[in-house]
Visitor: 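One structure, as structure tokens, below. Some questions next.
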Amino acid sequence: MSEYDAIVLGAGAAGLLCAATAGQRGKRVLLLDHAPEPGRKIVISGGGRCNFTNIHTAPDRYLASNPHFAKSALSRYTPTDFLGLIEAYGIAWHEKTLGQLFCDGSARQVVAMLLEECAKGGVTLRCGEAIGAVDYADGRYRVEHGGQVASAPALVIATGGPSIPKMGATGFAYELARRFGLKVVQPRPALVPLTLPAEEALFRELSGVSTEIVARASGSKAAFREAALFTHRGLSGPAVLQISSYWKRGDTVTAQFVPDRPEGWLRAAKRERPRQSFRKAMGEGLPERLADALCARLGLEGEIGTLTDKALGAAEARLARWPFVPDGSEGFAKAEVTVGGIDTAELSSKTMEARKCPGLYAVGEAVDVTGWLGGYNFQWAWASARAAGMAI
Ligand code: FDA
């Protein structure tokens, strides 16, 4: 049996930084992953350029059953800290929009950087090995892997969530947590396209049309002003992905079309240009095909001057909160992340250690902390990994 100070399960974003941090503090670390190579989600992230952090990181940009849990780790390892590492490795980066920082070149540079950090810490990395039995006795965790057994007084669960199974994602973190008596908040797909029922065929026919909206979901105060994209199955684009994290089955998602329009804009158009068609006035600022679909649904036609203020007021209200009732989402196969996960009530917010299992830690997406779209999820992976890596 090989003996270590810590065994980290999962060589993704969180596992790599956690192992490197502990290793550089002089700990003997074994890092295991069943995938053939480490950091596969990093490689495909941000369209291959990795949106590695967001300068607007703050706890209110995360969903969690306990909204305070992430504060401690996020305040002790900040976007500036991670950026410092990126710059130390000479990786060129840029701010795209909304505080999102991306590599100028390939996301593979981030994986190479984390592997170099692991090498500096003397971390033993084993990829492509299935993890077998995991148990605990006499103050040590024992892990079977690739026909061998390793043991250590610390075990870190960093195997992420089940989003995108074809990348090697599994619900292993939850199985393991439950085996050690830790509660798991029901996981569900997040940052995921939503599907519309057949009755909404009019909108599903708009596949490829994109426009800026403010997206909201009933049952939440969250609102996101970004692009939405109609797809052949329903709705996608950043605004919809963001709101999907808050959406629950049965909730209505509303779209505010052309968000800068002032109140009373259609009634004002009626007074200013009464001979203009309703379709033309209503469609200003919208893609043609979308304007046609909305107009058909509103059932108003002819010159705007012939329509009553009441009808125009009702149309304005509908365009400001256009309701869609999705019948589902595209599921874990298409979800960027998972909402839910290992219950934060089970963990110390300072160290990520399980309160009732000394030496057992959970970090990254496996934990019930989920960020908005735009680099927030990697920042949580880095911050939680760092907290555990410093505590082991
Ligand atoms: P992560 O999933 O990275 O790593 C888990 C590791 O555990 C994997 O290497 C996996 O192989 C391994 N594993 C799983 N089950 C195992 C088992 N049973 N045995 C052994 N090993 C196992 N976020 C962001 O902030 N900016 C972005 O640009 C993007 N872009 C993006 C694009 C796409 C397509 C996806 C799917 C996701 C993103 N994300 C993102 C989200 C981001 O990738 C995610 O939040 C982090 O990778 C989470 O890091 P973790 O280390 O927790 O899990």
Side-chain angles (χ1 to χ4, degrees), residues 8 10-27 29 31 33 37-62 70-123 125 156 158 160 191 238 336-337 350-352 363-365 369-392:
V8 180
L16 284 162
L17 191 67
C18 180
T21 303
Q24 290 181 23
R25 291 178 49 246
K27 305 288 173 180
V29 182
L31 175 57
D33 203 296
E37 71 263 315
R40 289 171 110 192
K41 276 196 190 165
I42 300 175
V43 171
I44 60 159
S45 69
R49 295 196 191 277
C50 187
N51 176 195
F52 55 82
T53 192
N54 192 299
I55 55 170
H56 302 309
T57 294
D60 65 358
R61 275 135 202 249
Y62 291 84
K71 283 183 183 166
S72 172
L74 289 173
S75 68
R76 284 177 296 128
Y77 193 77
T78 65
T80 312
D81 292 323
F82 193 75
L83 192 55
L85 195 56
I86 290 277
E87 292 197 323
Y89 278 78
I91 299 175
W93 60 275
H94 62 279
E95 180 181 341
K96 197 172 170 188
T97 168
L98 304 171
Q100 303 168 3
L101 306 192
F102 283 77
C103 298
D104 288 355
S106 165
R108 288 187 185 279
Q109 296 168 98
V110 176
V111 178
M113 172 187 88
L114 293 167
L115 286 173
E116 181 62 32
E117 286 292 292
C118 282
K120 277 186 195 163
V123 172
L125 171 64
V156 184
L191 300 184
E336 271 196 23
V337 289
K350 300 228 159 27
T351 63
M352 305 293 136
V363 295
E365 197 179 322
V369 174
T370 309
W372 287 0
L373 186 76
Y376 296 101
N377 283 295
F378 278 136
Q379 188 57 37
W380 168 247
W382 315 135
S384 58
R386 184 77 178 178
M390 294 300 287
I392 286 165

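Numbers here simply count residues along the sequence, with the first being 1.
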Visitor: How far apart are the closest heavy atoms of Glu336 and Leu373, and which atoms are they?
Guide: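 Closest pair (atom of Glu336, atom of Leu373, distance): OE1-CD1, 3.6 Å.
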Visitor: Find the distance between SG (Cys50) and CD1 (Ile91) and round it off to the nearest 0.5 Å.
Guide: 9.0 Å
Visitor: What residue among Leu16, Leu114, Leu85, Thr57 forms side chain to side chain contact (heavy atoms under 4.5 Å, CB included) with Trp382?
Guide: Leu114
Visitor: Are Tyr376 and Trp380 close enough that their ring centers fall under 6.0 Å?
Guide: no
Visitor: Has Arg49 got a side-chain atom pairing as donor or acceptor with Asp104's backbone, closer than 3.5 angstrom?
Guide: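 Pair found, side chain donor or acceptor close to backbone of Asp104.
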Visitor: For Val29 and Gly23, which heavy atoms make the closest approach, and how far apart are they?
Guide: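 Minimum heavy-atom contact is CG2-N, 3.7 Å.
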Visitor: How many angstroms lie between OG1 in Thr351 and CE in Met390, if you round to the nearest 0.5 Å?
Guide: 12.5 Å
Visitor: Between Ala11 and Asp33, which heavy-atom pair has the shortest distance, and what is it?
Guide: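 Reported closest heavy-atom pair: N-OD2, 2.6 Å.
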Visitor: Tell me the closest heavy-atom pair linking Val123 and Ala19, and the distance in Å.
Guide: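 Heavy-atom minimum between the residues: CG2-O, 3.4 Å.
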Visitor: Could you tell me whether the side chain of Leu191 reaches within less than 4.5 Å of the side chain of Asn377, counting heavy atoms only?
Guide: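 Yes; the side chains approach each other to less than 4.5 Å.
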Visitor: Please give me the minimum heavy-atom distance between Ala14 and Val363, naming the atom from each residue.
Guide: CB-CG2, 3.8 Å
Visitor: To the nearest 0.5 angstrom, please state how far the OG1 atom of Thr78 sits from the CG atom of Leu83.
Guide: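 CG of Leu83 is found 9.0 Å from OG1 of Thr78.
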Visitor: Is there a side chain to side chain contact (heavy atoms under 4.5 Å, CB included) between Glu365 and Val337 once you walk through the steps?
Guide: CA-CA 7 Å; Glu365 197 179 322; Val337 289; 4.0 Å; yes
Visitor: Quick one: do Glu95 and Ile55 satisfy side chain to side chain contact (heavy atoms under 4.5 Å, CB included)? Show the steps, please.
Guide: CA-CA 9 Å; Glu95 180 181 341; Ile55 55 170; 3.8 Å; yes
Visitor: With a 4.5 Å cut-off on side-chain heavy atoms, are Leu115 and Pro38 touching?
Guide: yes
Visitor: When you measure from the side chain of Asn51 to the backbone N and O of Leu101, does any donor-acceptor pair fall under 3.5 Å?
Guide: yes
Visitor: Can you tell me if Ser75 uses its side chain to pair, donor with acceptor, with the backbone of Ser72 under 3.5 Å?
Guide: yes
Visitor: Strictly distance-based, threshold 3.5 Å: is any side-chain N or O of Arg76 a donor or acceptor partner for the main-chain N or O of Lys350?
Guide: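 Pair found, side chain donor or acceptor close to backbone of Lys350.
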Visitor: Under the side chain to side chain contact (heavy atoms under 4.5 Å, CB included) rule, what do Trp372 and Asn54 come out as? Steps first, then yes or no, please.
Guide: CA-CA 10 Å; Trp372 287 0; Asn54 192 299; over 6 Å; no
Visitor: Could you give the distance from CE (Met352) to CD1 (Ile392), rounded to the nearest 0.5 Å?
Guide: 12.0 Å
Visitor: Do the non-hydrogen side-chain atoms of Leu31 and Cys118 ever get within less than 4.5 Å of each other?
Guide: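 Leu31 vs Cys118: side chains touch.
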Visitor: So how far is it from Gln100 CD to Phe378 CZ, rounded to the nearest 0.5 Å?
Guide: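 Between atom CD of Gln100 and atom CZ of Phe378 there are 12.5 Å.
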Visitor: Nearest 0.5 Å please: distance from the OG1 atom of Thr53 over to the CZ atom of Phe82.
Guide: 7.5 Å
Visitor: Is it true that atom NZ of Lys96 has more than 12 heavy atoms of other residues, nucleotides or ligands lying nearer than 6.0 Å?
Guide: no
Visitor: Locate the shortest heavy-atom distance separating Phe52 from Cys103; write the atom from each residue and the value.
Guide: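 Heavy-atom minimum between the residues: CE2-N, 3.8 Å.
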Visitor: Got a donor-acceptor contact below 3.5 angstrom from the Gln109 side chain to the Ser106 backbone?
Guide: yes
Visitor: Can you find a heavy atom in the side chain of Leu17 that is under 4.5 Å from one in the side chain of Glu117?
Guide: no
Visitor: Do Ile86 and Val110 touch side chain to side chain, with heavy atoms closer than 4.5 Å?
Guide: yes
Visitor: Hey, can you tell me if Phe102 and His94 have their rings parallel, tilted or perpendicular (30° and 60° cut-offs)?
Guide: parallel
